[in-house]
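Take a look at the structure set out below.
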Amino acid sequence: MQNWKKGLDWRSFLIDLLEMSLQRVLGLKKMVDRWQNSHTYCLWQMTLRQRRNPYAILRMQDTMAQELALANKQLLMVRQAALHQLFEKEHRQYQQELNQMGKAFYVERL
C-alpha cells in the first residue's frame with residue numbers, strides 16, 4: 001500500500017495487494033490443513049480408544065478376579081497357619097497339665 005502512496009501506478013499496487021492476499025490465503029490454507037489433520041487425528045484416537053476400552057475393562061476385571069482369588073487363598077493359608085499354631089499351643093498346654101498330674105497322651109509306637 002505504501003507503493004501506491006509514493007505515486008506508483010495502480011497496476012503495481014494491485015500486484016502488491018494480490019501478493020499479500022495470496023500469502024495470507026496460503027497461510028490460512030496451511031492453518032486449515034493443520035487443523036483438519038489434528039481433527040482427523042483426534043477422531044481416530046477417540047475411535048481407537050472406544051474400540052480398545054471394552055477390552056481393557058475386560059482384562060482389568062479378569063485381573064481383579066484373579067487377584068481376589070489369590071488374596072482369598074492367601075488369607076485362607078494364613079488363617080489355617082494361625083489355627084495350626086493355636087492347636088499346637090493348646091496341645092503343649094494339655095501335655096504339660098497331664099505331665100503335672102503324672103499322666104500322658106496315648107501314642108502308638110511302631
Side-chain angles (χ1 to χ4, degrees):
M1 287 194 186
Q2 292 177 355
N3 292 340
W4 179 71
K5 289 180 183 178
K6 290 181 181 177
L8 295 176
D9 61 355
W10 279 94
R11 184 178 251 174
S12 47
F13 170 71
L14 289 175
I15 289 173
D16 288 344
L17 190 60
L18 286 174
E19 285 178 2
M20 288 176 17
S21 296
L22 182 62
Q23 288 174 358
R24 288 185 73 200
V25 166
L26 289 176
L28 289 173
K29 184 180 180 322
K30 285 181 184 178
M31 186 174 66
V32 168
D33 288 344
R34 284 194 304 263
W35 181 83
Q36 285 178 335
N37 287 340
S38 65
H39 181 68
T40 304
Y41 181 75
C42 286
L43 289 176
W44 177 72
Q45 284 290 330
M46 285 174 32
T47 57
L48 185 65
R49 199 174 306 132
Q50 287 171 352
R51 285 189 308 237
R52 196 179 325 157
N53 199 20
Y55 296 112
I57 290 172
L58 289 176
R59 277 196 310 270
M60 192 182 316
Q61 287 175 345
D62 186 45
T63 303
M64 286 174 29
Q66 290 175 355
E67 287 179 2
L68 188 60
L70 287 175
N72 286 337
K73 192 181 266 188
Q74 286 179 333
L75 180 62
L76 180 65
M77 290 172 61
V78 167
R79 292 177 74 187
Q80 285 176 343
L83 192 59
H84 184 70
Q85 286 178 350
L86 178 66
F87 287 154
E88 284 181 355
K89 181 181 174 185
E90 287 179 353
H91 180 73
R92 284 192 302 270
Q93 183 180 353
Y94 291 146
Q95 205 169 21
Q96 286 175 355
E97 290 175 8
L98 288 175
N99 282 341
Q100 288 174 356
M101 294 188 304
K103 298 179 180 179
F105 286 117
Y106 173 75
V107 179
E108 184 176 344
R109 297 185 185 188
L110 298 176

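Within the 4.5 Å cutoff, the side chain of L26 has no heavy atoms near those of the Q23 side chain. With contacts defined as side-chain heavy-atom distances shorter than 4.5 Å, the pair M64/Q61 does not qualify.
Of the inter-residue distances, the one linking Q96 atom CD with R92 atom CZ reads 8.5 Å to the nearest 0.5 angstrom. Rounding to the nearest 0.5 angstrom, the gap separating the CD atom in E67 from the CG atom in D62 is 10.0 Å.
Atom CZ of F105 sits in a crowded spot, with more than 12 heavy atoms from other residues, nucleotides or ligands closer than 6.0 Å.
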For a quick test of your reading: what N or O donor-acceptor pairs under 3.5 Å do the side chains of residues 75-85 make, sequence neighbours left out?
from: H84; atom 1: NE2; to: E88; atom 2: OE2; distance (Å): 2.8

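Taking D33 as the reference, K29 meet the salt bridge (charged side-chain N to carboxylate O under 4.0 Å, His left out) condition, with sequence neighbours excluded.
Between H39 and W35, the ring planes lie parallel to each other; the angle is under 30°, not in the 30° to 60° tilted range.
Side-chain contact check for Y94 and E90: no donor-acceptor pair (N or O, by modelled atom type) lies under 3.5 Å.
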